[in-house]
Amino acid sequence: SALAIPLAERLSDMRPGRLAPIRRRRPGSSAKPPGIRMTPLDRLLAESEISRLITRFGLLNDAADWPGVAAMFTADARFVRPAGGDPVIGRDAILASFTSRPPRKSRHVITNIVVDVTSADAASAQSVMLLFAGPAGEASAASPALVGGFRDRLERTADGWRFAERVGFLDFKVEFK
């Protein structure tokens, strides 16, 4: 049916001077068929989906939903925590790195998200993060607030946009007195 074709592709066929005819994707294929360029609507949809992924990373992290966080990465992704350390390579290792952390209560405030879609299946992004964290079960944060962010490289997969590389950094700590 026509509804099985993604909206962006249906709309691109209706525009004057359309870019390409509608073609169905093979099941499981994430790439557009060769010769189809991204329309402005395709680019906006990708930017929105990636921004949502970046925001959900903070929400799932705060909920300690480690399988959910790990699922946001490609199978061979590279992750560097904002606090630094060696890169963690691969979705399974990323999951293990999160599950091995001591329990904590946290709140990630993620903002200033800028996405650069470079192709139908590749993008980069950066965002700013403010992190408040404290011991699990406590009502106050014992640690200072941390200000930093992420630089991301993303790939569109059959399951949607995923982090292929996520490198965190810290700019400074905010001490409350």
Novice: Working to the nearest 0.5 Å, report the span between CG of Leu146 and CG of Leu130.
Specialist: 8.5 Å

Novice: Using the side chain to side chain donor-acceptor pair (under 3.5 Å) criterion, which residues pair with Arg162? Sequence neighbours excluded.
Specialist: none

Novice: Heavy atoms only: give me the nearest Ala70-Arg91 pair and the separation to one decimal.
Specialist: O-CG, 3.2 Å

Novice: Are the ring centres of Phe150 and Phe169 closer than 6.0 Å?
Specialist: no

Novice: For Ala125 versus Ile50, what's the shortest heavy-atom pair and its separation?
Specialist: CB-CG2, 4.4 Å

Novice: Check the pair Thr157, Thr74 against side-chain contact (heavy atoms from CB on, under 4.5 Å), reporting the backbone distance first and the verdict last.
Specialist: CA-CA 8 Å; Thr157 70; Thr74 61; 4.2 Å; yes

Novice: Considering only heavy atoms from C-beta outward, does the side chain of Val115 approach that of Ser51 to under 4.5 Å?
Specialist: yes

Novice: Within this structure, what is the OG1-CG distance for the pair Thr55 and Leu60, rounded to the nearest 0.5 Å?
Specialist: 11.0 Å

Novice: Mind checking what makes side-chain contact (heavy atoms from CB on, under 4.5 Å) contact with Asp116, not counting sequence neighbours?
Specialist: Thr118, Ser124

Novice: Between Asp42 (side chain only) and Thr39 (backbone N and O only), is there a donor and an acceptor less than 3.5 Å apart?
Specialist: yes

Novice: Using a 4.5 Å cut-off on heavy atoms from C-beta on, say whether the side chain of Met38 contacts that of Val117.
Specialist: yes

Novice: Verify the cluster assignment for Val147 and Val109: are they in a single hydrophobic cluster under the rule of side-chain heavy atoms below 4.5 Å apart?
Specialist: yes

Novice: Tell me whether Arg166 forms a cation-pi arrangement with Phe73, defined as NZ or CZ under 6.0 Å from the six-membered ring centre and within 45 degrees of its axis.
Specialist: no

Novice: Nearest 0.5 Å, please: how far is CG in Leu53 from OG in Ser48?
Specialist: 11.0 Å

Novice: Supply the atom-to-atom distance Trp161 CH2 to Leu154 CG, rounded to the nearest 0.5 angstrom.
Specialist: 7.0 Å

Novice: If every non-hydrogen atom of Gly68 is compared with every non-hydrogen atom of Met72, which pair is closest and at what distance?
Specialist: O-CG, 3.3 Å

Novice: Name all residues meeting the side chain to side chain donor-acceptor pair (under 3.5 Å) criterion together with Glu155; count only those two or more places apart in sequence or in a different chain, and write none if there are none.
Specialist: Arg153

Novice: What residues form a side-chain contact (heavy atoms from CB on, under 4.5 Å) with Arg81, not counting sequence neighbours?
Specialist: Phe79, Ser97, Phe98, Arg101

Novice: Could I get the full list of side-chain contact (heavy atoms from CB on, under 4.5 Å) partners for Val128, not counting sequence neighbours?
Specialist: Thr111, Asn112

Novice: Does anything in residues 105-129 pair up under ring pair (Phe, Tyr, Trp, His ring centres under 6.0 Å), and if so which pairs, sequence neighbours excluded?
Specialist: none

Novice: Once rounded to the nearest 0.5 Å, what's the spacing between atom CG of Leu131 and atom CG of Leu170?
Specialist: 8.5 Å

Novice: Does anything in residues 70-80 pair up under salt bridge (charged side-chain N to carboxylate O under 4.0 Å, His left out), and if so which pairs, sequence neighbours excluded?
Specialist: Arg78-Glu165

Novice: Does Val167 sit in a hydrophobic cluster with other residues, and if so which ones, taking ILVMFWY side chains as linked at heavy-atom separations under 4.5 Å, directly or through other members?
Specialist: Val80

Novice: Run the side-chain contact (heavy atoms from CB on, under 4.5 Å) test against Thr99 and tell me which residues pass, sequence neighbours left out.
Specialist: Trp66, Leu95

Novice: Salt bridge (charged side-chain N to carboxylate O under 4.0 Å, His left out): which pairs involve residues 62-72, sequence neighbours left out?
Specialist: Asp62-Arg107

